[in-house]
Structures are given as C-alpha cells and as structure tokens.
Amino acid sequence: MTEQPEAVPPRAQEVFGAALPVAERYVRLLATAGVERGLIGPREVGRLWERHVINCAVLSEAVPEGASVIDIGSGAGLPGLVLAIVRPDLDITLLEPLLRRTTFLNEAVEELGLANVTVRRGRAEEVAKDYAVDVVTARAVAPLDRLATWGLPLLRVGGEMLALKGERAAQELAEAEPVLRKLGVRRAELLLVGQGKVDPPTTLVRLVAERIPERGGRRSKRKGDRSPTSG
C-alpha cells in the first residue's frame with residue numbers, strides 16, 4: 001500500500017500563501033507519478049511537505065525580485081519547481097540531463113499551469129554558452145567544488161549560486177575554497193533561510209561570481225544578460 005503524504009502543515013500556508021493549492025497539486029504529483037517513475041523514494045512520501053517542499057520553498061528568501069534562475073539537476077523539481085510556485089515573478093529554467101525526469105518536469109509544468117518555467121534537457125557544461133543568468137540553484141547534485149565548476153559559467157558577472165546543503169555545508173565550503181578562488185568567486189558564505197518556518201532552517205551556500213569561468217563559446221542574449229562592462 002502506497003504511503004500517503006502528510007496533512008498540509010499550517011506553516012505551508014504561511015510559506016505559499018495564495019499559491020498553496022498549486023503546491024498541494026505538486027505534492028500529489030510527487031506522491032504518485034514521482035514515486036511510480038522512481039524520482040521520489042516511497043519512504044519520502046510521508047514527509048514530502050516538511051523535508052522537501054517547504055525546505056525548498058524558503059530558498060525564495062535569498063532570491064532577488066524578478067531574477068532569472070537556472071536550477072541545475074532539477075530531478076523531480078526540487079528546488080526549481082517549488083521556487084516557481086512560490087515566486088511567479090521569477091523566470092526559471094529547469095536543467096536536467098535525463099529524459100524520464102524532463103518528461104515528468106514538462107508534465108508537471110503543464111499540470112500546474114506554471115507560465116514562468118522552461119524545461120531544458122542537458123548538462124550545465126553543455127549549455128553554459130547559452131546563458132548569463134542572475135541566480136543558479138541546486139540541491140543534492142554534487143559536492144560544492146564540482147557544483148561550482150558546473151554552475152558558475154551559467155551566471156552573469158555578479159550573479160549568485162545558491163546551493164542547498166546539509167550539516168556538512170561549512171566543511172564543504174572550506175574544502176572547496178581553492179577551487180572557488182580559481183573560478184573567480186568574489187564572496188562565499190553560509191546562509192540560513194526559513195527560520196521559524198522549517199526546522200531546522202535550510203542551509204544555503206551562497207557564491208557570488210566576480211568573473212565567469214570559460215563558457216566554451218559565445219553565448220546568446222537571454223534575460224539576465226549584462227553588457228561586458230556591467231556587473
């Protein structure tokens with residue numbers, strides 16, 4: 001027998017506001033099609049709200065208004081789809097290399113009526129020349145040094161990478177410091193978001209790009225681009 005999602009917690013209303021019905025539909029998708037297609041483990045169904053959805057939604061506290069965002073390794077849409085639900089002002093690209101996952105993401109975007117989301121199949125290192133966005137997000141994709149190597153080339157100068165990390169966040173940041181310096185990171189810090197909304201608060205590693213690593217070619221002009229002298 002398939003486990004059922006937990007009841008909608010009161011804090012979900014505080015976090016999602018008017019978008020709560022859309023978030024509820026998304027949780028139902030995760031608990032059904034997400035499990036059936038192997039994107040969510042069956043044991044996670046009973047804690048989708050607290051451990052996954054609200055945990056990702058509070059990331060919105062760190063994202064500037066109207067930002068262009070790429071979520072790399074989106075998987076089942078965590079955190080990218082959640083961010084799109086709670087922040088309709090954002091222009092979000094879900095970047096995912098696996099076909100079965102992009103199929104699910106496209107179906108979810110259509111089912112949820114999210115006009116601010118584009119799904120793209122591919123790897124960050126393959127598409128970096130096409131983007132120069134304000135924010136790159138990621139959750140449970142790779143250790144920070146590798147994640148930064150993939151994500152920073154997608155940013156504009158002055159853009160930010162926001163990586164959701166767990167209790168090893170400080171250690172990962174310290175271990176990645178030599179790589180981050182080489183990649184042109186101007187500032188690296190830990191942030192706690194969602195205090196009072198999720199327990200424990202969500203830990204982010206925030207990286208600000210002073211320069212952008214080699215993209216592997218010319219990029220096309222997209223929302224979030226800046227002129228070569230700006231940033």
Side-chain angles (χ1 to χ4, degrees), residues 15 51-75 77-87 89-95 116 124-125 127-128 131-213 215 222-226 230-231:
V15 172
R51 183 167 179 171
H52 298 286
V53 176
I54 296 177
N55 179 268
C56 289
V58 296
L59 170 64
S60 66
E61 296 176 12
V63 180
E65 184 177 354
S68 53
V69 179
I70 292 182
D71 183 45
I72 62 176
S74 285
L78 300 164
L81 261 181
V82 178
L83 195 57
I85 293 169
V86 76
R87 290 285 301 278
D89 61 296
L90 302 178
D91 179 8
I92 297 181
T93 298
L94 306 179
L95 184 62
N116 60 331
E125 60 269 34
V127 305
Y131 295 96
V133 299
D134 301 312
V135 177
V136 167
T137 60
R139 179 182 189 249
V141 172
L144 187 60
D145 53 355
R146 269 190 286 153
L147 188 60
T149 300
W150 299 334
L152 288 171
L154 297 165
L155 291 169
R156 63 173 176 83
V157 174
E160 303 177 3
M161 172 175 252
L162 299 172
L164 283 81
K165 291 291 183 179
E167 58 187 21
R168 291 190 68 256
Q171 182 178 341
E172 278 198 50
L173 183 54
E175 291 171 350
E177 185 178 351
V179 173
L180 299 181
R181 278 201 304 269
K182 291 179 182 178
L183 291 173
V185 171
R186 181 171 72 207
R187 186 163 70 253
E189 60 186 350
L190 297 180
L191 298 177
L192 291 179
V193 293
Q195 298 191 66
K197 300 173 184 175
V198 62
D199 185 23
T202 299
T203 302
L204 303 179
V205 175
R206 178 174 177 259
L207 307 178
V208 180
E210 184 173 48
R211 59 179 172 80
I212 303 302
R215 298 176 186 275
R222 299 177 68 92
K223 182 178 177 182
D225 280 11
R226 299 293 188 273
S230 69

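Small disclaimer: the values here were computed from a predicted structure and weren't measured.
Between V15 and A57, the closest heavy-atom pair is CG1-CB, 3.5 Å. Closest heavy-atom contact between A62 and L204: CB-CD1, 3.8 Å. Considering every non-hydrogen atom in both G73 and V141, the closest pair reads O-CG2, 4.1 Å. The two residues A67 and V135 have their closest heavy-atom pair at CB-CG2, 4.3 Å. Considering all non-hydrogen atoms of both residues, K197 and I54 come closest at O-CG2, 4.0 Å. Here the shortest heavy-atom pairing between A124 and W150 reads CB-O, 3.5 Å.
Interatomic distance, CG of L207 versus CG of L162, reported as 8.5 Å (0.5 Å rounding). Atom CD of E61 is separated from atom CG of L192 by 10.5 Å, given to the nearest 0.5 angstrom. Rounding to the nearest 0.5 Å gives a distance of 7.0 Å between CG of L154 and CG of L95. Note: E175 CD to D145 CG = 8.0 Å, rounded to the nearest 0.5 Å. Of the inter-residue distances, the one linking C56 atom SG with L83 atom CG reads 9.0 Å to the nearest 0.5 angstrom.
Taking the side chain as every heavy atom from C-beta outward, Y131 and T93 approach each other to under 4.5 Å. Counting heavy atoms from C-beta outward, T137 and V69 have side chains that approach closer than 4.5 Å. Between L173 and L180 there is a side-chain heavy-atom pair separated by less than 4.5 Å. In this structure, the side chains of E177 and E172 stay at 4.5 Å or more apart for every pair of heavy atoms. In this structure the side chain of P79 reaches within 4.5 angstrom of the side chain of L164, judged on heavy atoms. Taking 4.5 Å as the limit, some side-chain heavy atom of N55 sits within range of a side-chain heavy atom of R139.
One N or O on the side chain of D89 and one on the backbone of G66 form a donor-acceptor pair closer than 3.5 Å. In this structure, the side chain of T202 does not engage the main chain of V198 through any donor-acceptor pair within 3.5 Å. Counting only distance, with no hydrogens or angles, the side chain of D134 and the backbone of G159 share no donor-acceptor pair below 3.5 Å. Without hydrogens or angle criteria, R87 side chain to S60 main chain gives a donor-acceptor distance under 3.5 Å. Between the side chain of E160 and the main chain of A209, no donor-acceptor pair closer than 3.5 Å is present.
More than 12 heavy atoms of other shown residues, nucleotides or ligands fall within 6.0 angstrom of atom CD in E189.
Considering I70, V185, I72, V208 in turn, I72 is the only one that fulfils the side-chain contact (heavy atoms from CB on, under 4.5 Å) rule with M161.
Ion pairing between a basic and an acidic side chain is recognised when a charged N comes within 4.0 Å of a carboxylate O; E210 and R181 show no such pairing. Ionic pairing of E125 and R146 is not present here: no N-O contact between side-chain nitrogen and carboxylate oxygen is shorter than 4.0 angstrom.
In the model, D91 has no side-chain atom that pairs as donor or acceptor with a side-chain atom of S68 under 3.5 Å.
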